[in-house]
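Nothing here was measured: the structure is a model prediction, and the numbers come from that model. The chains referred to below are lettered A, B, ... by the order of the sequence lines, with proteins before strands, and numbering in each begins at 1.
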2 protein chains.
Amino acid sequence: MGSAETERLPNSSFAVLGMLTFGEASGYDLVKLAERSLEFFWAPAKSQIYSELRRLVAAGLATEREVEQADRPDKRLYRITPAGERALRRWLEERPEHEPFKSEFLLKLFFGHQMSRERLLALVEGHRRDSQEALERLREIGAQIDGDPRFRSARLTLEYGIAHFRANVSWCDRALRTLKGGEG
Amino acid sequence: MGSAETERLPNSSFAVLGMLTFGEASGYDLVKLAERSLEFFWAPAKSQIYSELRRLVAAGLATEREVEQADRPDKRLYRITPAGERALRRWLEERPEHEPFKSEFLLKLFFGHQMSRERLLALVEGHRRDSQEALERLREIGAQIDGDPRFRSARLTLEYGIAHFRANVSWCDRALRTLKGGEG
DNA sequence: TCGAAATAGTCCGAATAGAACTAGACCGGA
DNA sequence: TCCGGTCTAGTTCTATTCGGACTATTTCGA
């Protein structure tokens with residue numbers, strides 16, 4: 001019980017706890033919700049979502065109840081507790097720490113001197129395509145939630161994504177010019 | 001031996017293998033090198049660098065030799081093998097897979113409806129400051145390697161970083177305007 | 001009626017993060 | 001001279017995270 005106040009939880013716990021503020025949900029629901037919302041900037045494995053739920057219950061930050069269903073498999077529903085809401089707010093008010101950033105693309109680019117020029121160009125062109133596609137997906141989502149005041153904060157994260165991928169595309173264009181003009 | 005051809009290695013193995021293309025090095029050297037170069041887009045824990053080295057040797061992609069030193073602790077030096085170079089090139093030529101992106105900042109922003117407006121503003125302002133600082137660090141590095149042809153690929157990754165943080169700063173400015181003007 | 005898809009969840013191993021720890025040699029100041 | 005700090009060099013341990021395989025049940029379409 002008291003452990004809710006002392007134990008230090010990882011961010012993924014709060015990602016799950018945060019999703020519970022949208023209402024009572026099963027693990028399965030949260031997996032789906034995460035895929036449609038957090039996916040771009042926080043994508044816990046589904047096994048992790050289930051284990052975070054167990055941890056939240058153990059820490060008193062959520063409650064669990066079993067629901068028997070006739071038409072489909074039984075399930076367990078989770079609900080955030082007042083202690084959970086307090087814990088979430090405390091976490092939200094802490095300053096995020098340094099953001100680690102990881103990119104297989106940049107890693108390969110960094111060792112680009114080991115690649116042929118054609119391969120290097122193909123690498124950057126592929127990245128440009130991927131970014132362009134991601135951009136289009138985000139714009140579609142944007143059109144769907146447009147104007148809906150419930151998604152005020154979500155809209156900001158969406159616009160962050162759009163800015164990110166737009167910057168990617170421009171960078172790719174510049175890099176391609178450099179690589180083509182470089183010593184050709 | 002043959003395992004070098006079949007076994008599927010994680011990207012971190014290739015990060016270490018790639019660093020070995022710069023010359024024979026100890027684990028300690030690579031930790032330092034990673035901190036000064038890969039750090040922005042690929043930051044393996046130092047314990048992982050050491051274990052990757054062991055794995056590379058076991059797979060025949062690198063060789064190890066002990067060096068006794070009088071003035072400081074003994075060390076082991078690692079060198080990439082021809083099989084290692086082939087493996088690295090094969091990996092470089094594979095298309096990178098979908099880039100997971102993870103941000104504690106965006107996660108908190110997404111749950112921004114649980115925060116007071118002041119906290120939300122402070123969150124974004126903090127992110128702007130962090131991005132601005134990162135930008136300045138990268139620009140300094142850029143000035144140092146400017147014009148040096150050895151860092152052609154590295155320069156591209158650096159410019160990627162600059163583009164990324166510049167986009168961050170602009171996004172923060174827009175977000176702050178939205179949040180301040182929104183319903184004030 | 002067969003198989004695919006949706007619902008609901010578990011299990012396991014590998015990869016990663018990150019902090020603490022060992023240990024030798026150095027260097028500067030009290 | 002002794003003490004602490006720093007650099008070099010590496011190990012160990014735990015917790016976290018990822019990702020795929022696996023078990024079930026029910027529904028729905030061909």
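- With DNA chain D read from its 5' end, the first of the two nearest nucleotides for B/E97 and B/G27 is the one closest to B/G27.
- Distances shown here put a side-chain N or O of B/S26 below 4.0 Å from the OP1 or OP2 atom of D/dG10.
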**Q.** CA sep, side-chain torsions, deciding dist, call: A/R128, A/D173, side chain to side chain contact (heavy atoms under 4.5 Å, CB included)
**A.** CA-CA 8 Å; A/R128 189 187 191 286; A/D173 288 337; 2.6 Å; yes

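- Among the nucleotides C/dA23, D/dC18, C/dA15, the one closest to any side-chain atom of B/P73 is C/dA23.
- Side chain of B/R54, nearest nucleotide from D/dT11, D/dT17, D/dA9: D/dT11.
- Set against C/dC26, D/dA21, C/dA15, the side chain of B/P10 has C/dA15 as its closest nucleotide.
- For B/Y28, a side-chain nitrogen or oxygen approaches OP1 or OP2 of D/dT8 to under 4.0 Å.
- Atom P of nucleotide C/dT7 and atom NZ of A/K46 are separated by 12 Å, given to the nearest angstrom.
- Residue-level contact check: B/S47 touches the bases, meaning some heavy atom is under 4.0 Å from a base atom.
- A/E125 and A/R129 are not joined by a salt bridge, as no carboxylate oxygen comes within less than 4.0 angstrom of a charged side-chain nitrogen.
- Of the listed nucleotides (D/dC18, C/dA15, D/dT16), D/dT16 has the atom at the smallest distance from the side chain of A/R55.
- Not one side-chain nitrogen or oxygen of B/R8 sits closer than 4.0 Å to the OP1 or OP2 atom of D/dG19.
- In this structure, B/R65 pairs ionically with B/E24, as a charged nitrogen and a carboxylate oxygen lie closer than 4.0 Å.
- Residue B/Q69 places no side-chain N or O under 4.0 Å from the OP1 or OP2 atom of C/dA25.
- Rounded to whole Å, the distance from CZ on A/R72 to P on D/dA24 is 21 Å.
- Here A/Y50 reaches the OP1 or OP2 of C/dG9: one of its side-chain N or O atoms lies under 4.0 Å away.
- Counting any heavy atom pair closer than 4.0 Å across all strands shown, B/P44 reaches sugar-phosphate atoms only and no base atom.
- The distance between atom CG of A/L77 and atom P of C/dA8, rounded to the nearest whole Å, is 9 Å.
- Checked for salt-bridge contact, A/K108 and A/E104 meet the test: a charged N lies under 4.0 Å from a carboxylate O.
- Ion pairing of A/E159 with A/R155 is present here, as a side-chain N (NZ or NE/NH1/NH2) and a carboxylate O approach within less than 4.0 Å.
- Salt bridge annotation for B/R139-B/D146: absent, with no cationic side-chain nitrogen under 4.0 angstrom from a carboxylate oxygen.
- Residue A/K102 places at least one side-chain N or O under 4.0 Å from the OP1 or OP2 atom of C/dA17.
- Nearest to the side chain of A/K75, among D/dC18, D/dG10, C/dG9, sits C/dG9.
- Separating the CD atom of B/Q48 from the P atom of D/dT17 is a distance of 15 Å, rounded to the nearest angstrom.
- As rounded to whole Å, 15 Å separates atom C1' of D/dT23 from atom CG of A/D74.
- Rounded to whole Å, the distance from CG on B/L53 to C1' on D/dG10 is 11 Å.
- The listed nucleotides are C/dT16, D/dT17, C/dC12; the one nearest the side chain of B/E52 is C/dT16.
- Summarising the geometry, the separation between NZ on B/K32 and P on D/dC7 is reported as 8 Å, rounded to the nearest angstrom.
- The nearest whole Å value for the distance from the CD atom in B/E68 to the C1' atom in C/dA25 is 15 Å.
- Heavy-atom distances to DNA chain D give each of A/A45 and A/A70 a nearest nucleotide, and the one nearer the 5′ end belongs to A/A45.
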